[in-house]
J.: 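So that we are looking at the same thing, I have put the structure below in structure tokens.
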Amino acid sequence: MAEDNFFERVYEVVRLIPPGRVTSYGAIASYLGTKGSSRIVGYAMGAAGSATPPVPAHRVVNRQGLLTGKFHFPTFQLMEEMLASEGIEVEDNKIKNFKEKFWDPAVELSID
DNA sequence: ATAATGACATACA
DNA sequence: ATGTATGCCATTA
């Protein structure tokens with residue numbers, strides 16, 4: 001597969017995101033250890049479209065809770081639609097109550 | 001191996 | 001607060 005260890009890591013974390021929650025590229029990158037590679041996470045997301053199984057990329061947004069990647073979806077409204085289906089409210093391409101919906105793998109997966 | 005790109009993040013004006 | 005500039009690190013050409 002074209003997905004190397006790094007991409008696989010990203011996919012794994014994104015797939016671990018519970019429904020109704022969202023996370024940021026930086027948070028994932030930080031969890032992976034490459035804190036500064038927030039862009040790489042987004043880059044991996046680009047490959048996520050070719051990843052198997054598909055990852056819920058719609059649950060991954062930037063630090064502002066902005067749906068920056070919606071334009072990369074098959075249909076840009078799909079992302080909002082899915083998030084809305086998850087119970088996440090989106091306004092002006094931004095997630096409302098983002099702070100409440102925020103899911104940090106470095107914390108949630110480190111409960112123990 | 002070097003240069004350019006990228007679904008970001010942070011700093012500075 | 002908004003806009004521009006630079007840094008980060010992996011992938012691709």
J.: Has the side chain of A:Arg9 got a donor or acceptor atom that lies under 3.5 Å from a matching backbone atom of A:Leu32?
T.: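 No, A:Arg9 side chain to A:Leu32 backbone: no donor-acceptor pair under 3.5 Å.
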J.: Does any residue of residues 67-91 of chain A have a heavy atom under 4.0 Å from DNA chain B, and if so, which ones, in number order?
T.: A:Thr68, A:Gly69, A:His72, A:Phe73
J.: Indicate yes or no: at least one non-hydrogen side-chain atom of A:Glu86 is less than 4.5 angstrom from one of A:Arg59.
T.: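 The answer is yes, as the side chains (C-beta and beyond) meet within the 4.5 Å cut-off.
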J.: Could you walk me through whether A:Phe76 and A:Leu67 pass side-chain contact (heavy atoms from CB on, under 4.5 Å), step by step?
T.: CA-CA 9 Å; A:Phe76 65 89; A:Leu67 281 54; over 6 Å; no
J.: Output yes when a side-chain donor or acceptor of A:Asn97 lies under 3.5 Å from a complementary backbone atom of A:Glu100, and no otherwise.
T.: no
J.: Taking atom C1' of C:dT11 as reference, at what distance in whole Å does atom OH of A:Tyr11 sit?
T.: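 Whole-Å distance recorded here is 11 Å.
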J.: B:dA9 pairs with which nucleotide, Watson-Crick or G-U wobble, both distances below 3.5 Å?
T.: C:dT6
J.: Looking for any heavy atom pair under 4.0 Å, which part of the strands does A:Ala57 touch: base, sugar-phosphate only, or nothing?
T.: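 It contacts base atoms.
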J.: Separation of A:Phe6 atom CZ from B:dG6 atom P, in whole Å?
T.: 18 Å
J.: For nucleotides 9-13 of chain B, give me every protein contact, N/O to N/O, under 3.5 Å, one pair per line with atom names.
T.:
{"from": "B:dA9", "atom 1": "OP1", "to": "A:Arg63", "atom 2": "N", "distance (Å)": "3.1"}
{"from": "B:dA9", "atom 1": "OP2", "to": "A:Arg63", "atom 2": "N", "distance (Å)": "2.7"}

J.: Rounded to whole Å, please give me the gap between CG in A:Asn93 and C1' in B:dA7.
T.: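 The distance from CG of A:Asn93 to C1' of B:dA7 comes to 13 Å, rounded to the nearest Å.
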J.: Report yes or no: does A:Asp92 contribute a side-chain atom to a donor-acceptor pair with the main-chain N or O of A:Lys94 at less than 3.5 Å?
T.: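 Not at all, since once roles are kept as given, no pair shorter than 3.5 Å links the two residues.
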J.: Taking the side chain of A:Phe7 as heavy atoms from C-beta outward, which of B:dA7, C:dT11, C:dC9 is closest to it?
T.: C:dT11
J.: Distance check needed: C:dC8 C1' versus A:Ile28 CD1, whole Å only.
T.: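 Rounded to whole Å, this separation is 16 Å.
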J.: Return the nucleotide paired to C:dA1: Watson-Crick means purine N1 to pyrimidine N3 with N6-O4 or O6-N4, wobble means G-U with N1-O2 and O6-N3, both under 3.5 Å.
T.: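 When the pairing criteria are applied, nothing turns out to pair with C:dA1, so the answer is none.
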J.: Using atom CD1 of A:Ile40 as one end and atom C1' of B:dA4 as the other, report the distance to the nearest whole Å.
T.: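 Distance check: A:Ile40 CD1 to B:dA4 C1' gives 13 Å.
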J.: Let me spell it out: for each of A:Tyr43 and A:Gly36, pick the nucleotide of DNA chain C with the closest heavy atom. Which residue's pick is nearer the 5' end?
T.: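 With A:Tyr43 and A:Gly36 compared, the 5'-side residue is A:Gly36.
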J.: For A:Lys94 and C:dA1, what is the distance between atoms NZ and P respectively, to the nearest whole Å?
T.: 11 Å
